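Below, each value reflects all heavy atoms present in this structure, side chains not excepted, and no hydrogens, waters or symmetry copies. A quick note: this is a predicted structure, and the numbers were derived from the prediction, not measured.
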Amino acid sequence: MPRPAPRTPAALLAIAPVERRRLQSRLLRWYRRCARDLPWRRTRDPYQVWVSEVMLQQTQVRTVEPYFQRFLAAFPTIRRLAAASIDQVLLAWQGLGYYSRARNLHEAATIIGRTRPVRWPTDADAWQALPGVGRYTAAAIASIAFDQPVAALDGNIRRVLARLAAVREPADAPAVQARLWRLAQNLLDPAAPGDFNQALMELGARVCTPRAPACRTCPLRAHCRAARAGLQQAIPVRRPRRAAPQVSALAAAIRHDGRYLLLRRGPRGLLAGLWGLPMVETPGPCDATAAALRRAVRPLTGLRVRSPRALGTVSHVFTHRKLTLTVFECALADRRAALSAPAPEAAWLAPAEFATRPLSELDRKALALLGAEARHALQQRTAPAAAVLA
DNA sequence: AAGACGGGGCA
DNA sequence: TGCCCAGTCTT
């Protein structure tokens, strides 16, 4: 039985120096003519580039723009960020998702900000040593802010390169990714690494889009194997992913003297570090009952409650689960009972004070069921500065 | 190698 | 609905 010959990891895309220069030149010319005017492209300040790159992780440009502006207004320098409390940072991040990004950004700010004057990392390896900075972000910052000749590979560039080389295997498989990183480095224009990386991303976002790529207007169409073969719609191939399971939970809005108990979630896991109602997962939607709520509250808070009343349910979709949350309002049974929450922090807040804490979208939906006053307070994006943090 | 980790935009 | 987005970290 003849064994299949071991496949040498041939270059993904053989490209002669002459053709590479043509590609670089066409791409950069297109980029300098057509690039969108984005706030973080008006500067090469490492702080702003860094903040933008972290915000842009798995998050679309349109979503990031207003957050970027507000974040820079609240924390104009790395020192101001380092000096801020985690709640101030999370408040500025609230609604953006992937909150570990905010915690890592804050932690890295305290690391870099320790030196005086601030000594910024310059090469990609030094950047990647910081929390929340992976291979992509390190390369993006080092190339954009410090002209380091290092290629970046993100979702956009992965799609562009997979089409350029007509990669027929799943592009998100680790082995294929490794080859795409090499291809990216091979194509990079070392004379303009920041613009080159951004140009590939811009091309992926504007022309080489996931569906219906605009090959007619693509500056790289002459170099694209997928377009030549008519495969641009079929590439990249993705591995199927598991559907998010449906889960149920219940939340307790425990009222006392017109205030409600909010807890800060623990340092790890879903929505870590954010504030919200005491909440617990239930086996099924039918288990979200008043009796179950009474049983659940004690281990959550150390309190005993009475007269639970269902206020309604809210639905929320996470990446990996679809949640149906039933919210109960209830009263404190023993007003002298001591709060012994396993949560690190707890606070009794009037609805008007809800906006003083960083909340997830899930908790904002849940708290909105408490009434018009709560809904009004939650419309404020952030609390008045004076109200934030005692 | 696979999963956890948010939220919004779009066909 | 399902897929995608300027990914990173943990197991």
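Separation of the P atoms belonging to dA11(B) and dA6(C) is 15 Å when rounded to the nearest angstrom. dG6(B) and dC5(C) have their C1' atoms separated by 12 Å, given to the nearest Å. Across dC9(C) and dG8(B), the matching C1' atoms stand 23 Å from one another, rounded to whole Å. Using C1' as the reference atom, dC4(C) and dC5(B) are 16 Å apart when rounded to the nearest Å.
Look at CG on Leu274(A): it is 13 Å from P on dC5(B), rounded to the nearest Å. Taking atom CG of Asn104(A) as the reference point, atom C1' of dT8(C) lies 8 Å away to the nearest angstrom. In this structure, the CZ atom of Arg158(A) is 11 Å from the P atom of dT8(C), given to the nearest Å. Atom pair Leu270(A):CG and dG6(B):P shows a separation of 5 Å (rounding to whole Å applied). For the pair Tyr98(A) OH and dC9(C) P, the interatomic distance rounds to 13 Å; values are reported in whole Å. If you take CZ of Arg239(A) and C1' of dC3(C), they are 16 Å apart, rounded to a whole angstrom. For the pair Met201(A) CE and dG7(C) P, the computed distance is 9 Å after rounding to whole Å. The CH2 atom of Trp93(A) sits 13 Å away from the P atom of dG7(C) (whole-angstrom rounding).
The phosphate of dA6(C) (OP1 or OP2) has no side-chain N or O of Thr59(A) nearer than 4.0 angstrom. Look at His320(A) and you'll find a side-chain N or O under 4.0 angstrom from OP1 or OP2 of dC5(B). For Tyr67(A) and dG7(B), the shortest distance from a side-chain N or O to OP1 or OP2 is not below 4.0 Å. In terms of phosphate contacts, Arg101(A) brings no side-chain nitrogen or oxygen within less than 4.0 Å of OP1 or OP2 of dT8(C). Of the side-chain N and O atoms in His316(A), one or more sit less than 4.0 angstrom from OP1 or OP2 of dG7(B). Arg321(A) has no side-chain polar atom (N or O) that falls below the 4.0 Å cut-off from OP1 or OP2 of dG6(B). Regarding contacts with the backbone of dG3(B), every side-chain N or O of Arg241(A) stays at 4.0 angstrom or more from both OP1 and OP2.
The Arg268(A) side chain lies nearest to dT11(C) when the options are dA6(C), dT11(C), dC4(C). Residue Thr137(A) places its side chain closer to dT8(C) than to any other of dA6(C), dC5(C), dT8(C).
Counting only heavy atoms from C-beta outward, the side chains of Lys322(A) and His316(A) never approach each other to under 4.5 Å. At least one side-chain heavy atom of Thr319(A) sits under 4.5 Å from a side-chain heavy atom of Tyr98(A).
Nucleic acid contact class of Tyr136(A) (heavy atoms, under 4.0 Å, all strands): base. Residue contacts shown for Leu271(A) are limited to sugar-phosphate atoms, with no base heavy atom under 4.0 Å away. Base contact: Arg41(A) has a heavy atom under 4.0 Å from a base atom. The residue Ser360(A) sits close only to the backbone: its heavy atoms come under 4.0 Å of sugar-phosphate atoms, none of a base. In this structure, Glu53(A) reaches the bases: a heavy-atom distance under 4.0 Å links it to at least one base atom across the strands shown.
Geometrically, Arg135(A) engages Trp181(A) in a cation-pi contact defined by less than 6.0 Å to the ring centre and at most 45° from the axis. Relative to the ring axis of Tyr67(A), Arg70(A) places its NZ or CZ within 45° and under 6.0 Å from the centre.
Residue-to-nucleotide proximity on DNA chain C shows that, of Leu153(A) and Arg238(A), the 5′-proximal contact is made by Arg238(A). If Gly132(A) and Val61(A) are placed on DNA chain C by their nearest nucleotide, the residue sitting closer to the 5' end is Val61(A). When each of Gly269(A) and Pro174(A) is assigned the nucleotide of DNA chain B with its nearest heavy atom, Pro174(A) is the one assigned upstream, toward the 5' end. Residue Ala175(A) is the one, among Ala175(A) and Thr319(A), whose nearest nucleotide of DNA chain B lies closer to the 5' end (criterion: closest heavy atom).
Judged purely by atom type and a 3.5 angstrom limit, Asn197(A) uses its side chain to pair as donor or acceptor with the backbone of Ala152(A). The backbone N or O of Ala333(A) lies less than 3.5 Å from no partner atom in the side chain of Arg304(A), so there is not a single donor-acceptor pair.
Note: Trp127(A) and Phe146(A) have tilted aromatic rings, judged against thresholds of 30 and 60 degrees for the angle between ring planes. Between Tyr47(A) and Trp120(A), the ring planes lie tilted relative to each other; the angle falls in the 30° to 60° range.
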For nucleotides 9-11 of chain B, print each protein N/O atom paired with a nucleotide N/O atom at under 3.5 Å, atom names and distance only.
from   : atom 1 : to       : atom 2 : distance (Å)
dG9(B) : O4'    : Gln60(A) : OE1    : 3.3

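There is no path of hydrophobic side-chain contacts, each under 4.5 Å, that joins Leu164(A) to Ile235(A).
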